[in-house]
Amino acid sequence: MYNINKDLADIFYKMAAIYDFKGETFRARAYERAAHIIEDLPEDIRHYIEEGKLQNIKGIGSGIASKIEEYVKTGKISKYEELKKEIPEDFIELIDFPGIGAKSLKRISEELGITTKDELIEALKDGRVAKLKGFGEKKVENMLKALKMYEIANKRMLLWHALELANHIVDQLKQLKEVNKIEVAGSIRRRKATIGDIDILVSAKDEDRNKIMDYFANLPEVKEVLVKGDKKTSVIIKTNSGRERQVDLRIFRDDEWGAALQYFTGSKQHNVKVRNLAKEKGLKLNEYGVFKVDTNEKIAGKTEEEVYNAIGLPYIVPELREDRGEVEAALEGKLPKLVELSDIKGDMHVHSNWSDGFNSLDEIANFVKNKYNYEYIVITDHSKSQRVAHGLDEERLIKEIEEIRKLNQMLGFDFIKIGSEVDILLDGSLDFSDDVLSKLDFVVASVHSHFNRDNTDRILKAMENPYVNVIGHPTGRLIGIREGYPVDLEAVIKKAKETGTALEINAQPLRMDLDDIWIRRAVDEGVMLTISTDSHNLGSFEYMKQGVWLARRGWATKENILNTRSWEDVKKFVNEKRKKLGGVLVNS
Ligand code: DGT
Ligand code: CA
Ligand code: CA
Ligand code: ZN
């Protein structure tokens, strides 16, 4: 149970979907609400149980509370085990996947006698589903799209979740005194947004290998052992949502550590480049070290730095190892000095319970101020068109501003900056008038509707507004759930440069938007970027870490990131645009 809150939320989402399947809508909504709440709790659910505060959490009634306690005690919820038996086995994984829908599944299953995923895909493709009342071509097309996304989501996991799982395994292996060094390698170490399998490296004495491999193969999370040897062992771990994940453990000697880490961090293409370079110098590079080809003498291997240096390169950080020009840059001494987490001075996209966030302004301000070394946060609640997210109209925005001013007074300085995540409407105009926007410290503008059309025109027009400072999650993608809307990012980057608008690197695990390739383009064009968590709860402020990783994968330095600057300098950025486009300046 490496992340018990998430496990529980997964189960409750599934229970909600099964109740929907059964037609018990009221129950379904209660479980969905509970899942949502648990997912967003800032602390481990066991903490609330220990303090006797489980039922104080709004939305957790006694029935759900007892199921939580059962899960914490036994690792199972008997009601869920019962419910699972009421639907076809294949549907357990599909039933709560976005775009499928428990109710649609039920009708298809009942009216066409379908009970497996393959049968479902067949019936969608051969037109049987389209003929059902209320389905039609469009819906069928969307369901097929969703099933395709499901396959993708099932193949790769999100970085944040993979890292949690990897760290949990590493923590257990560290308990063994025989384990000398241990590190997560592969795509996780390169901080790729999605992860295929987990690669863990250990250094140890030869005679300790078997003990370590035995321990690994017998971890409680392991469901199946694929291969077991004293150099490499691969296992399958099954998560609660029914997904299978592979973990590879490899053991090396201490004097091979750097070479092994270099080799198994990848990427494959980076390694090919580096190996060719070694060859040109009469050297051989493999996972055991760097050797002279003529004499087979080993000249490096203990540390990664030593390995890179031996073939005439400076150390290259894992985030850059994708063969996107990093080896060439290293040879020329032109590697960028990448942005670091400690450079970040504030979060510029945060939601409170004034719109769809979970926490009050007061809770957010105090939590962030205590936990992070920030100079500011920008509260950016939704604007009025976002009805489902309780978007603010002008009147409530003014009330929110008043409360922020009061809180700042109590804090003794303007820690909370006044912002908005204003909707970009269909015609590219904004959900608030210029008069309202001009009174805000910082404005995020985002597209939240019409995901199927090409949205370039809307975004370009929004950037021409003097008060729009950054475009939120520029492509709108949700990894493994929905592709981004069609948008010409080259044009967006050009316009951003022209108008002095920043582009957001949204660090939500499902978003990670812009992605590394487009960050790199923006960096090359000198466009300003922000790294923001888009937090809707206190736990999400931690995502800043992976926002920074993503920025690093896009070769961003401190200078490219707006929120590495003091608020005085952010204000300069805001005023420059206002001046250029004829807006009212913020007081300085
Ligand atoms: P993933 O798991 O799909 O997210 O991506 P990676 O990069 O973690 O790939 P993976 O797990 O297949 O291998 C981990 C690293 O080990 C990879 O980045 C490079 C290295 N590696 C693995 N197998 C080979 C190979 O056959 N040749 C070379 N040159 N490198 C390999
Ligand atoms: Ca891997
Ligand atoms: Ca692997
Ligand atoms: Zn937002």
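Just follow the structure's listing: the first ligand is 1, and inside any ligand the first atom is 1. Reckoned from all heavy atoms, side chains included, excluding hydrogens, waters and symmetry mates.
Distance screen at 4.0 Å: atom 29 (N) of ligand 1 has a protein heavy-atom neighbour inside the cut-off.
Remark: ligand 1 atoms within the under-4.0 Å shell around heavy atoms of Phe264 are 14 (C), 15 (C), 16 (O). The Asp197 neighbourhood of ligand 1 comprises atoms 2 (O), 11 (O), with distances under 4.0 Å to a heavy atom of that residue. Using a 4.0 Å cut-off to heavy atoms of Arg156, the atoms of ligand 1 that qualify are 1 (P), 3 (O), 4 (O). Close approach of ligand 1 to Ser267 is summarised as follows: ligand atoms under 4.0 Å from at least one heavy atom of the residue are 18 (O).
Aromatic pair Phe252/Trp257: ring centres not closer than 6.0 Å. Taking the six-membered ring for Trp, His448 and His473 have ring centres closer than 6.0 Å.
At a cut-off of 3.0 Å, Asp199 coordinates the Ca ion (ligand 2) through an N, O or S atom. In summary, His536 places no N/O/S atom under 2.8 Å from the Zn ion (ligand 4), failing the contact criterion.
Summary of contacts: the protein heavy atom closest to atom 17 (C) of ligand 1 is Gly266 CA, 3.9 Å.
Arg190 counts as a contact of ligand 1, since one of its heavy atoms falls under 4.0 Å from the ligand. At least one heavy atom of Thr265 lies less than 4.0 angstrom from ligand 1.
Here's the thing with Gly196: one of its N/O atoms is less than 3.5 angstrom from an N/O atom of ligand 1. In terms of N/O distances under 3.5 Å, ligand 1 is approached by Asp199.
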